[in-house]
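Below: one structure, written as structure tokens.
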2 protein chains.
Amino acid sequence: MLSKACEYCIKAVVFLAQRSKEGKLSIVKEIAQAIDSPEAFTAKVLQQLVKGGFISSVKGVKGGFFIEEKTLQHLNLLQIVTAIDGRGLIDNCMLGLNQCSEVNPCPVHHLYKGIKADIVQLLNCSLVNDLTIEFSQKLSVLKN
Amino acid sequence: MLSKACEYCIKAVVFLAQRSKEGKLSIVKEIAQAIDSPEAFTAKVLQQLVKGGFISSVKGVKGGFFIEEKTLQHLNLLQIVTAIDGRGLIDNCMLGLNQCSEVNPCPVHHLYKGIKADIVQLLNCSLVNDLTIEFSQKLSVLKN
DNA sequence: CGCTTAAAGGACATACTTATCCTTATTAGA
DNA sequence: TCTAATAAGGATAAGTATGTCCTTTAAGCG
């Protein structure tokens with residue numbers, strides 16, 4: 001469904017959002033620990049998030065990552081998923097047909113289209129800010 | 001979502017089912033052509049389907065693959081997907097948590113559980129026999 | 001300025017998926 | 001029995017995802 005890179009990104013962003021609301025920067029080590037991910041690999045995917053403009057970073061002593069308040073207001077999971085994994089999950093046919101559509105459907109097209117729409121809706125309606133609030137209240141976890 | 005191997009398997013099975021109802025065996029070359037897949041790799045995944053008991057094969061001249069009538073009656077996509085890709089799609093957390101549940105949910109657990117149930121239902125309710133009927137009537141395609 | 005800290009970036013390593021090729025076993029038919 | 005056709009199986013290659021390591025760049029602080 002989602003790549004490991006994308007899973008780490010989503011979890012990292014939720015954690016970072018919480019920390020940012022507390023006015024704190026987080027270094028890679030803290031993030032990797034909070035989401036139980038390999039540190040070096042996490043650093044790589046965080047770079048992608050910075051390049052995509054989803055999170056911000058500060059180098060050097062007292063540096064780290066954070067999310068700008070105004071970015072957090074509208075940031076949702078669809079933005080992150082498409083930036084990291086591309087539009088495959090959203091666009092692709094379940095059976096991999098290049099041209100799968102209403103007029104040229106694969107055998108499961110009509111059954112799958114509703115599910116795909118639901119996935120897009122889940123991602124699009126999942127505001128990082130909302131997820132973070134739940135996480136702060138310990139109503140959800142980012143690791144076991 | 002599904003591996004390439006799994007995509008090929010599903011398409012191969014739908015094609016094979018149609019041919020089997022016509023009383024014909026199909027060789028790898030015909031199958032690969034019908035579903036637009038690489039021949040050698042398709043041969044490999046067909047072997048897995050034979051081992052799993054989903055399809056049957058005959059070696060030698062006039063040999064090929066087919067599906068037994070009684071197998072076809074109850075064969076559905078969930079059986080094929082779990083045999084080829086395992087239970088990951090069905091069991092795994094969207095964010096990859098090892099222990100994601102109602103009492104210990106990831107940030108999207110409650111939103112995702114319905115979608116996962118829908119995916120399982122799609123696969124479980126998709127009888128290969130039914131898909132084949134539609135395919136025979138040219139209401140769906142296996143390649144472009 | 002020089003030291004320390006931390007992100008950025010590049011190179012490399014590992015694992016898995018996808019794909020190909022060649023050989024072997026099996027079968028039908030001449 | 002010999003030959004051709006075809007699945008089965010093993011080895012290998014190519015590609016992608018995942019993960020690690022080391023160097024470079026930037027920033028804060030004494």
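Keep in mind the model is a prediction, meaning the values are calculated, not measured. Order of the sequence lines sets the chain letters (A, B, ...), proteins ahead of strands, with each chain counted from 1.
Looking only at side-chain heavy atoms (C-beta outward), A/His110 and A/Tyr112 stay at 4.5 Å or farther from each other. Within the 4.5 Å cutoff, side-chain heavy atoms of A/Ile119 are placed close to those of B/Met1. Contact annotation: the side chain of B/Val128 approaches that of B/Ile80 to within less than 4.5 Å [non-hydrogen atoms, C-beta and beyond]. Residues A/Tyr8 and A/Leu46 are not in side-chain contact: their nearest non-hydrogen atoms beyond the backbone lie 4.5 Å or more apart. B/Lys113 is listed as a side-chain neighbour of B/Glu102, based on a closest heavy-atom distance under 4.5 Å. Between A/Ser140 and A/Leu131, the closest side-chain pair of non-hydrogen atoms is not below 4.5 Å.
The side chain of A/Gln47 contributes an N or O atom lying less than 4.0 Å from OP1 or OP2 of C/dG9.
For the atom pair CG (A/Leu2) and CG (A/Leu123), the distance works out to 7.0 Å, reported to the nearest 0.5 Å.
Sequence order on DNA chain C of the closest nucleotides to A/Ala43 and A/Val61 puts A/Val61 first from the 5' end.
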Set out, line by line, the N/O atom pairs under 3.5 Å between protein and nucleotides 17-24 of chain C.
unit_1, atom_1, unit_2, atom_2, d
C/dT18, OP1, B/Lys4, N, 2.8
C/dA19, OP2, B/Tyr8, OH, 3.0

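Put simply, chain B comes within 4.0 Å of DNA chain D, heavy atom to any atom, from D/dA4 to D/dA11, going 5' to 3'.
Across the protein-nucleic acid pair, B/Ile27 atom CD1 and C/dT27 atom P stand 18 Å apart, rounded to whole Å. When the C1' atom of C/dG10 is taken as reference, atom CD of A/Gln48 falls 15 Å away, rounded to whole Å.
Through direct or relayed side-chain contacts under 4.5 Å between Ile, Leu, Val, Met, Phe, Trp and Tyr, B/Ile27 connects to no other residue.
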